[in-house]
Amino acid sequence: MVAIIDYGAGNLMSVKKALDFIGADSEITMDKKKIESASHIVLPGVGSFGDAMESMKSRDLVDTVKSAALSGKPFLGICLGLQLLFSASNESEGVKGLSLLNGKISSIPKNMGLKVPHMGWNSVSIKQSGGIFKDIPDESYFYFVHSYYLNGAEEDDIAATAQYGVEIQCAVQRGNLCAVQFHPEKSGAVGLKLLENFLAMEG
């Protein structure tokens, strides 16, 4: 079973519908035991870094999410779910994230003539061809909606990058711990392929 973690800050139904479409058994849940017993875990997210962490704390899910991400089971963060894996974001100064990976969450510069938030389709340069990106062509297009981005991640963790005025480290992968800044559930066939790759991973 795939546990889609409900911590009060996620576009949960679109993820659930995408997983349903590819035949996955999934459940939206905040039940700690269900998250712990799941074979795969998804951490979605929309909204602000600070609000998301506060919501996760209020549901007493911080340690559960950390344990799931470090369990060796396939774990996928989506959009804000990627950013929360890091220690902090300049969107919410003073708020501590999950601190599971090293890197910085910065705001997309607004002085480059590009619209912020970055919204729409963007090609992705794949750095790790296995795992969630298995059999996905380099420079495939995925759908993005975000104003903050990852930079400064450890080189071995970077799975893909995109260009939008700056280089966006738009996917990370360390073993079975994976996360993407874009929305695979909104990215058509290539996004469904990424989710299928995630389901094929074994803990």
Side-chain angles (χ1 to χ4, degrees), residues 1-5 10-26 38-46 68-69 71-86 100-101 103 105 108 117-146 148-203:
M1 190 272 287
V2 182
I4 304 169
I5 299 175
N11 190 13
L12 304 175
M13 283 310 302
S14 61
V15 176
K16 176 86 168 68
K17 287 178 181 178
L19 290 170
D20 288 347
F21 185 81
I22 58 177
D25 175 24
S26 66
S39 62
H40 295 66
I41 302 100
V42 177
L43 181 69
V46 294
S71 67
K73 295 179 181 180
F75 183 102
L76 178 64
I78 296 176
C79 195
L80 183 61
L82 173 143
Q83 297 176 16
L84 296 173
L85 299 179
F86 295 84
L100 296 170
L101 296 171
I105 306 299
I108 298 174
H118 171 209
M119 183 180 300
W121 297 86
N122 209 117
S123 63
V124 165
S125 177
I126 296 171
K127 308 299 182 186
Q128 294 186 29
S129 57
I132 56 174
F133 287 106
K134 183 180 179 182
D135 298 328
I136 293 178
D138 192 22
E139 301 302 330
S140 290
Y141 279 77
F142 291 88
Y143 190 80
F144 289 77
V145 183
H146 65 122
Y148 296 83
Y149 74 104
L150 170 64
N151 63 100
E154 293 185 18
E155 194 67 28
D156 288 346
D157 292 341
I158 301 169
T161 61
Q163 297 292 329
Y164 192 72
V166 293
E167 182 180 78
I168 295 165
Q169 294 168 353
C170 64
V172 292
Q173 190 164 254
R174 179 188 288 183
N176 281 343
L177 174 56
C178 312
V180 294
Q181 181 61 65
F182 50 79
H183 288 272
E185 77 280 8
K186 297 180 180 180
S187 297
V190 71
L192 294 177
K193 174 60 178 172
L194 186 146
L195 292 175
E196 288 173 347
N197 286 340
F198 170 66
L199 293 176
M201 296 170 67
E202 298 180 355

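Excluded from the calculations below are hydrogen atoms, water molecules and symmetry mates; all remaining heavy atoms, backbone and side chain alike, are included.
Here the options are Tyr141, Phe142, Tyr143, Tyr164, the test is ring pair (Phe, Tyr, Trp, His ring centres under 6.0 Å), and the partner is Trp121; only Tyr143 passes. When each of Gln169, His118, Gln83 is paired with Gln181, the side-chain hydrogen bond (donor to acceptor under 3.5 Å, both in side chains) condition holds for Gln83 and for no other.
Checked by atom type and distance alone, the side chain of Gln128 never pairs as donor or acceptor with a backbone atom of Arg174 at under 3.5 Å. The backbone N or O of Val172 lies less than 3.5 Å from no partner atom in the side chain of Asp157, so there is not a single donor-acceptor pair.
By the 4.5 Å heavy-atom criterion applied to side chains, His183 and Ile78 are counted as neighbours. Inter-residue side-chain proximity for Ile136 and Ile126 is flagged as met; some heavy-atom pair is nearer than 4.5 Å. Taking the side chain as every heavy atom from C-beta outward, Val180 and Val124 never approach each other to under 4.5 Å. The shortest distance between side-chain heavy atoms of Lys73 and Ile41 falls below 4.5 Å. At a threshold of 4.5 Å between non-hydrogen side-chain atoms, the residues Leu12 and Pro44 count as touching. Taking the side chain as every heavy atom from C-beta outward, Phe75 and Leu100 never approach each other to under 4.5 Å.
Atom CG of Asn151 has more than 12 neighbouring heavy atoms from other residues, nucleotides or ligands inside a 6.0 Å radius.
Of all the heavy atoms in Ala38 and Met1, the pair that sits closest is CB-O, 3.3 Å. Between Cys79 and Gly45, the shortest heavy-atom contact is CB-O, 3.5 Å. Shortest non-hydrogen contact noted between Cys170 and Phe144 is CB-CE2, 3.8 Å. Summarising the geometry of Asp135 relative to Pro137, their closest heavy-atom pair is O-CD, 3.7 Å, with the distance given to 0.1 Å. Shown here for Val2 and Val42, the closest heavy-atom pair between the two residues is CG1-CG2, 3.8 Å. Of all the heavy atoms in Gly103 and Phe86, the pair that sits closest is N-CD2, 3.6 Å.
To the nearest 0.5 Å, atom OH of residue Tyr149 and atom CG of residue Leu82 are 13.5 Å apart.
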Taking distance alone, no hydrogens or angles, what donor-acceptor pairs closer than 3.5 Å link side-chain atoms of residues 190-203 to residues at least two apart or in another chain?
{"unit_1": "Lys193", "atom_1": "NZ", "unit_2": "Asn197", "atom_2": "OD1", "d": "3.4"}
{"unit_1": "Asn197", "atom_1": "ND2", "unit_2": "Ile132", "atom_2": "O", "d": "3.0"}
{"unit_1": "Asn197", "atom_1": "ND2", "unit_2": "Lys134", "atom_2": "O", "d": "2.8"}

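The side-chain contact (heavy atoms from CB on, under 4.5 Å) check on Ser125 picks up Lys127, Asp138, Glu139, Thr161, with sequence neighbours excluded. Partners of Lys16 by side-chain contact (heavy atoms from CB on, under 4.5 Å), not counting sequence neighbours, listed by chain and number: Ile4, Met13, Asp20, Ser26, Ile28.
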